J.: 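Quick one: the structure is below, questions incoming.
Computed from a predicted model, the values in this text were never measured in an experiment. Residue numbers count from 1 along this sequence.
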Amino acid sequence: MKVPFLDLAAQYHTLKAPLDWAVAEVLDEAAFVGGHRVAFFEREFAQYLRVSHCVGVGNGTDAIEIALEALALPHGSEIIVPANTFIATAEAVTRAGHCVVFADVDETYTLDPNDVRRRVTERTAALLPVHLYGQPCDMVALNQVAAEHSLALVEDCAQAHGAEFAGRKVGSFGSVAAFSFYPGKILGAFGDGGAITTDDSGVSELCRKIANHGRTSKYEHEFEGRNSRLDGLQAAVLRVKLAHLDLWVARRREVAAIYDEGLADVAWLTRPAVRPDRLHAFHLYVVRVPQRDALAKHLRECSVQTGVHYPVALPKLAAYRHLRQSATPNAMSWDDELLSLPMGEHLTDQQVHHVIDSVRCYMP
Ligand SMILES: *Cc1c(COP(=O)(O)O)cnc(C)c1O
């Protein structure tokens, strides 16, 4: 039995009629950039998250960068970022003119609030927690650190559409939050796309201007901005898919529950640690095992595709060699052990059980 890690074609085929219709409508109207579909999607996504404002942008990396720029933090501020995340999180900090400060992650693979507290200096201006793999960070503790030191809080929600902390959707906690709609994410477009969400109307307006050439009207530009827009096709696709997001997250959580039960007694494997006040959206189901590459090879031989998120902790990358920061031991030692099992609403129970059986017959 084949178990694909991700199956975007399967998702398309389950929604082919409404998606084809939505795309055809955009083509008929040639409503490629801007237009009412983008505005509708922004409103619907804001309503879904229960936030006041949503601004569609070109991709998730831009969303973080533009959100940081709109906060108008002093140039060269320190911004605390987890040492285990996709490079985009840190990249956006540098691109926005600030300094990356890595903090360690805890057993949930999200920012360890105690380590964050230790890294705050006079120059720290913001925390940039990532709800990695779909599990919300400890927003109570991080909010407390932010409040104590008057720091902005910017959420990276690229992997956590639909995730909740204490009954509230992520993307509604920070001063501002960033989402990605890259095709492989929980809510994915037919290309690149992203969004910024906030309850602050000033931040929202500024993000919208930055993303659209600093424009106030067609040929009036208040300042130099940039071009980063969610296009009409992506908005049309996302509107169709948004209606299914909760169902998809629910199915991801079912798959995770089957993995949890089937792998509970495998002593050499560490399952995801989920805290009770968090609704984990399971963008990824990540386990930790010794000799990860050998298990991945064994699974490949059983026709099970896996992934690694991420194989190199950010402080080890050539891009960050110059930083020479103090240790983030969890992130630095776990990158050799992380393995992402197939996850998504495309999986049948039989496929999930095949993955479990294949893991169980492996002898480390
Ligand atoms: C995907 C991702 C991003 C970047 O989103 P893009 O749309 O690919 O630019 C940022 N942060 C995290 C954690 C991601 O997984």
Side-chain angles (χ1 to χ4, degrees), residues 49 51 60-61 63-65 67-68 71 73 77-94 96 98-120 124-166 168-180 185-186 194-199 203 272-275 277-281 283-284 286 309-310 313-315 325 328 330-331 334:
L49 298 174
V51 296
T61 313
I64 306 169
E65 191 180 324
L68 286 172
L71 292 177
L73 309 170
S77 293
E78 293 177 357
I79 297 185
I80 300 179
V81 172
N84 174 28
T85 176
F86 182 54
I87 189 172
T89 317
E91 214 172 34
V93 168
T94 310
H98 302 301
C99 304
V100 173
V101 173
F102 291 117
D104 210 356
V105 296
D106 63 20
E107 276 290 334
T108 66
Y109 305 112
T110 63
L111 269 183
D112 174 354
N114 295 319
D115 196 50
V116 168
R117 200 181 289 277
R118 284 193 285 273
R119 306 212 181 226
V120 174
T124 310
L127 308 181
L128 181 26
V130 181
H131 307 300
L132 199 71
Y133 310 149
Q135 174 153 221
C137 303
D138 185 344
M139 296 316 290
V140 167
L142 291 173
N143 253 320
Q144 204 176 332
V145 179
E148 277 166 28
H149 300 275
S150 306
L151 309 175
L153 193 62
V154 180
E155 293 173 80
D156 180 342
C157 304
Q159 302 191 359
H161 317 68
E164 295 176 8
F165 180 91
R168 230 171 96 188
K169 292 250 168 11
V170 303
S172 68
F173 287 90
S175 332
V176 60
F179 285 85
S180 164
K185 310 286 182 175
I186 302 177
I196 298 162
T197 61
T198 178
D199 280 322
V203 168
V274 185
R275 298 274 156 82
D277 49 357
R278 306 183 203 184
L279 191 145
H280 193 322
H283 170 56
L284 296 168
V286 177
H309 303 88
Y310 293 87
L314 295 187
Q325 291 176 354
T328 49
N330 288 345
W334 289 343

J.: Looking at every heavy atom in both Thr61 and Ala88, which two are closest together, and how far apart are they?
T.: OG1-CB, 3.5 Å
J.: Side chains of Val120 and Ile80: does their closest heavy-atom pair fall under 4.5 Å?
T.: yes
J.: Looking at every non-hydrogen atom in both residues, tell me the closest pair between Ala90 and Phe102 and how far apart they are.
T.: CB-CE2, 4.3 Å
J.: At what distance, to the nearest 0.5 angstrom, does CD of Glu164 lie from CG of Leu279?
T.: 5.0 Å
J.: May I ask you to decide if the ring planes of Phe165 and Phe173 are parallel, tilted or perpendicular, using 30° and 60° as cut-offs?
T.: perpendicular
J.: How long is the span from the CG atom in Leu111 to the CG atom in Asp106, to the nearest 0.5 Å?
T.: 8.5 Å
J.: Closest heavy-atom contact between Pro315 and Thr328?
T.: CG-OG1, 3.9 Å
J.: Please check this pair: side chain of Ser172 against backbone of Lys169, looking for a donor-acceptor N/O pair closer than 3.5 Å.
T.: yes
J.: Ignoring hydrogens and geometry, is there a side-chain-to-backbone donor-acceptor pair from Thr124 to Glu78 under 3.5 Å?
T.: no
J.: Would you mind listing every salt bridge (Lys or Arg N to Asp or Glu O under 4.0 Å) that reaches into residues 125-137, with sequence neighbours excluded?
T.: none
J.: Below 4.5 Å, heavy atoms only, C-beta onward: do Leu314 and Asn84 meet side chain to side chain?
T.: no
J.: Checking His161 side chain against Ser180 main chain: does a donor-acceptor pair fall under 3.5 Å?
T.: yes
J.: In Å and rounded to the nearest 0.5 Å, what is the SG to NZ distance from Cys157 to Lys185?
T.: 11.5 Å
J.: Is the centre of the Tyr133 ring less than 6.0 Å from the centre of the His309 ring?
T.: no
J.: Between Gln159 and His131, do the side chains contain an N or O donor and an N or O acceptor separated by less than 3.5 Å?
T.: no
J.: Are the side chains of Glu155 and Val130 in touch, meaning some heavy atoms are under 4.5 Å apart?
T.: no
J.: Kindly give the heavy-atom pair with the smallest separation between Thr198 and Ser175, and that separation in Å.
T.: OG1-O, 2.9 Å
J.: Could you tell me whether the side chain of Ile79 reaches within less than 4.5 Å of the side chain of Leu127, counting heavy atoms only?
T.: no
J.: Under the side chain to side chain donor-acceptor pair (under 3.5 Å) rule, what pairs show up with a residue in residues 134-148, not counting sequence neighbours?
T.: Arg117-Glu148
J.: How many angstroms lie between atom CZ of Arg168 and atom CG of Asp277, to the nearest 0.5 angstrom?
T.: 13.0 Å
J.: Can you give me the closest heavy-atom contact between Val105 and Asn330, atom names plus distance?
T.: O-ND2, 2.8 Å
J.: Once rounded to the nearest 0.5 Å, what's the spacing between atom CG of Asp156 and atom OG1 of Thr110?
T.: 12.0 Å
J.: Pair Val93, Leu68 - check side-chain contact (heavy atoms from CB on, under 4.5 Å), show working.
T.: CA-CA 7 Å; Val93 168; Leu68 286 172; 4.0 Å; yes
J.: Could you tell me the separation between the CZ atom of Arg119 and the CG atom of Asn114, rounded to the nearest 0.5 Å?
T.: 12.0 Å
J.: Do you know which two heavy atoms are closest between Thr108 and Ala273, and how far apart they sit?
T.: CG2-O, 3.8 Å
